[in-house]
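Presented below is the structure to which this report refers.
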Amino acid sequence: MRLKKKECMQTEINKVELRNLRIEDYKQLRLTMQHAYRAVDLDMEEPYWGEKDIKRLLKIFPEGQLVVLVDDKVVGCALSLIVDYKKATANHTYEKITGNYTFDTHSYDGEVLYGIDVFIDPEYRGLRLGRRLYDVRKELCEQLNLKSIIFAGRMPNYNENSEELTPKEYIDKVRLKEIHDPVLAFQISNDFHVIKVMRNYLEGDKDSQDYAVLMEWNNIYYDKSPVLINSRKSIIRLGLVQWQMRPLANVEALFEQAEFFIDAVSGYGSDFALFPELFVAPLMADFNHLSEADAIREIAHYCDPIRKRFQEMAISYNINIITGSMPMVEDGNLYNVGFLCKRDGTFETYTKIHITPNEVSYWGMVGGSEIKTFDTDCGKIGIMICYDVEFPELARLMADEGMDILFVPFLTDTQNGYTRVKHCAQARAIENECYVAIAGCVGNLPGVNNMDIQYAQTAVFTPSDFSFPSNGIKAEATPNTEMTIIVDVDLDLLKELHEFGSVRILKDRRQDLYRIKKQPISKSDPKPESAADIVVDATAIDEVAKPAARAPRTGSPRIVAPKATPAKPAATTKTTTTRTTSPRATTPRATTPKPRANAAEVKPTTRQIKG
């Protein structure tokens, strides 16, 4: 079911947390239970657990009691016991399976994780928080090496159909989606199957006509031996979006298209969704009467709303989203940025560091100044925007910080531009012994200046060794066709490669001869020297139309060997990453004007390649 923003959230959510229940949570837990069961027709004086009940559960089985919090407020809960399989599958009542609410039926020698309650505050339904609780229950079942999860579910809509349908007929129609039952349909969609229908399970459940459906989820890793399954996640699923550039009526149309892809890759259980660089460019069509520089600054106003909406979708679809990139204005400077929107509701920002000549001359962009990796629930990742992947120093620094997967949103207009991105990305995967995922835009935008054509082939690249594809390509999309690719990558294979590979590139580096390191950036200057050198200065403006007359520029990090001193022999000289700027023999460097003014005035006579 596709969520609508108004239905799922009235205020901005900053953080979602799922953890074990604590007795200090009880006051909030009681309010949540009251809200959750307010509309449920149960013939009970107090349809919520008492504080003594919760203390008892936490004493006998603390790991089985779970809560989900939104901005530190308890909004949902799942309570469980471990019981004998025969008791769980035989006819029973709620009172009997809970030991008349004493929980004496709990036993660590049992084979079944028995769910005694799950509820979500109605104000927070629609965010798929219940699904998260079910998923953690499944992980707990696997970690404890239990045979299955069993519970008896209510049928709250059966009361409306009881005169025409038997419970069995009702269940069949819910399964075929001919009738909607919010509880039963949810459980079926979470891979639970029906064992039997039980009568008089929960006394006073008028909505279900006192019936309950006994349901089970089987643990396929169950082993009668008491060995626990490794809880660390090794297989990570990537969902990459090859985005079709198309006219968009407004930003809501962009969100609708983006949510379609997020829904799709999330439905396949993806841990990450990756969007391309500047996939928001169709929004510039409304500003085509302006210069390219002014038009892209106009859509920079969408940056914050886009980030907030992607945060909401990361929560709703339980997936980490890498938002490609979009323009952002900060302190008068135009940057190419993106966001890592994590499924816990938090986000982090990344910025394109190396700016192409096209981005400077048309838009007046400047580069960022921070090289970093990101911790996620699926390991440590790096993110580079397009041109950055063509500079190997960045990926090497990230690899030294433990990066397992490098994500590269890109935008290229020609096949030769794509070739640079592709082969550099493959090189980064091999030399840093990591996975590299790239995603780009396809299609044409005739109504947007400087964004008219695109070429892309989204792909996932691997190291080159026996455990990986022989050509180093895990998967590739069809070139220039809108589509997604779903790819599984195994992080354990990387660990084996680091230690036992045919070659061990990271371990075999001669760091006695050379070394790459980050340079400190002055707080007074938000841009690195390389970015400042890329920005067109006053003298260069007059020479843009005459590329052959321009002095070559450098400024991106590169490895250089310092001159050997007499005190040290040449064989022990170490190298470091340093910045250099190209000297201008005939023209002194002028003060750099603001990029926006430059970009609005400069019109190169030939189209320059993006990427």
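For the numbers below, each heavy atom of this structure counts, side chains included, while hydrogens, waters and symmetry mates do not. Since this is a predicted model, take the numbers as computed values, not measurements.
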Partners meeting side-chain contact (heavy atoms from CB on, under 4.5 Å) with [X] (sequence neighbours left out):
X      : result
Val503 : Ile505
Ala253 : Leu248, Asn250
Ala477 : Gln242, Thr458, Met483, Ile485
Ser464 : Ile430

>> With a 6.0 Å cut-off on the ring centroids, do Tyr387 and Phe410 count as close?
In response: no

>> Centroid separation under 6.0 Å, is that true for the rings of Phe347 and Phe310?
In response: no

> Will you find, in the side chains of Arg396 and Asn432, an N or O donor that is under 3.5 Å from an N or O acceptor?
Replying inline: yes

>> If only side-chain N and O atoms count, and only distance matters, is there a donor-acceptor pair under 3.5 Å linking Ser291 with Asp294?
In response: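 Asp294 vs Ser291: donor-acceptor pair found between side chains.
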
Can you tell me how far the [atom1] atom of [X] sits from the [atom2] atom of [Y], to the nearest 0.5 Å?
X      : Y      : atom1 : atom2 : result
Arg128 : Ile120 : CZ    : CD1   : 13.0 Å
Leu274 : Leu238 : CG    : CG    : 8.5 Å
Ile236 : Asp490 : CD1   : CG    : 9.0 Å
Asp465 : Leu493 : CG    : CG    : 10.0 Å
Ile473 : Lys422 : CD1   : NZ    : 4.5 Å
Asn336 : Ile355 : CG    : CD1   : 6.0 Å

> Run the salt bridge (Lys or Arg N to Asp or Glu O under 4.0 Å) check on Arg309 and Glu252 step by step: do they pass?
Replying inline: CA-CA 10 Å; Arg309 184 64 71 90; Glu252 286 298 325; 3.1 Å; yes

Sequence neighbours left out, what passes side chain to side chain donor-acceptor pair (under 3.5 Å) with [X]? Give chain and number order.
X      : result
Asp377 : Asn320, Arg343
Glu496 : none
Thr462 : none
Gln457 : none

Within the 4.5 Å heavy-atom criterion, are [X] and [Y] side-chain neighbours or not?
X      : Y      : value
Arg131 : Asn190 : yes
Asn416 : Arg420 : yes
Ile486 : Ser270 : yes
Val421 : Glu390 : yes
Met398 : Lys380 : no
Val436 : Gln426 : no
Trp363 : Arg297 : no
Lys352 : Cys386 : yes

> Tell me, which pairs form a ring-ring contact (aromatic ring centres under 6.0 Å, His included) where one or both residues lie in residues 436-467, sequence neighbours left out?
Replying inline: Tyr418-Tyr455

>> Under a 3.5 Å distance rule, please check whether Ser266 uses its side chain to pair with a backbone N or O of Ala264 as donor and acceptor.
In response: no

Closest heavy-atom pair and its distance - [X], [Y]:
X      : Y      : value
Ala249 : Asp286 : O-OD2, 4.4 Å
Leu334 : Pro327 : CD1-CB, 3.9 Å
Gln244 : Asn444 : NE2-N, 4.4 Å
Met245 : Cys441 : CE-SG, 3.7 Å
Met403 : Cys434 : CE-SG, 3.9 Å
Leu394 : Ile353 : CD1-CD1, 4.3 Å

Does [X] come within less than 4.0 Å of [Y], counting only side-chain N to carboxylate O?
X      : Y      : answer
Glu370 : Lys518 : no
Arg307 : Glu12  : yes
Glu401 : Lys372 : no
Arg504 : Glu499 : no
Arg237 : Asp271 : no
Glu348 : Lys342 : yes

>> Run the ring-ring contact (aromatic ring centres under 6.0 Å, His included) test against Phe272 and tell me which residues pass, sequence neighbours left out.
In response: Phe407

>> Before you tell me yes or no, could you show the steps for Asp304 and Lys308 under salt bridge (Lys or Arg N to Asp or Glu O under 4.0 Å), namely the whole-Å CA-CA distance, both residues' side-chain angles and the distance that decides it to 0.1 Å?
In response: CA-CA 6 Å; Asp304 195 49; Lys308 291 179 179 178; 3.4 Å; yes

> Can Asn358 and Thr356 be said to form a side-chain hydrogen bond (donor to acceptor under 3.5 Å, both in side chains), step by step?
Replying inline: CA-CA 5 Å; Asn358 176 275; Thr356 67; 4.8 Å; no

>> Can you classify the ring geometry of Phe374 versus Tyr350 as parallel (below 30°), tilted (30 to 60°) or perpendicular (above 60°)?
In response: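 Plane angle over 60°, so perpendicular.
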
>> Can you classify the ring geometry of Phe279 versus Trp243 as parallel (below 30°), tilted (30 to 60°) or perpendicular (above 60°)?
In response: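 The arrangement is perpendicular - the two ring planes meet at more than 60°.
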
> For Asp400, what residues pass the salt bridge (charged side-chain N to carboxylate O under 4.0 Å, His left out) criterion, not counting sequence neighbours?
Replying inline: Arg509

> Partners of Asp404 by salt bridge (charged side-chain N to carboxylate O under 4.0 Å, His left out), sequence neighbours excluded?
Replying inline: none

>> For Val265, run the side chain to side chain contact (heavy atoms under 4.5 Å, CB included) check against Leu240, Ile319, Ile321 and tell me which one passes.
In response: Ile319

> Going through the checks in order, is the salt bridge (Lys or Arg N to Asp or Glu O under 4.0 Å) test met by Asp344 and Lys15?
Replying inline: CA-CA 6 Å; Asp344 68 359; Lys15 184 172 179 62; 3.6 Å; yes

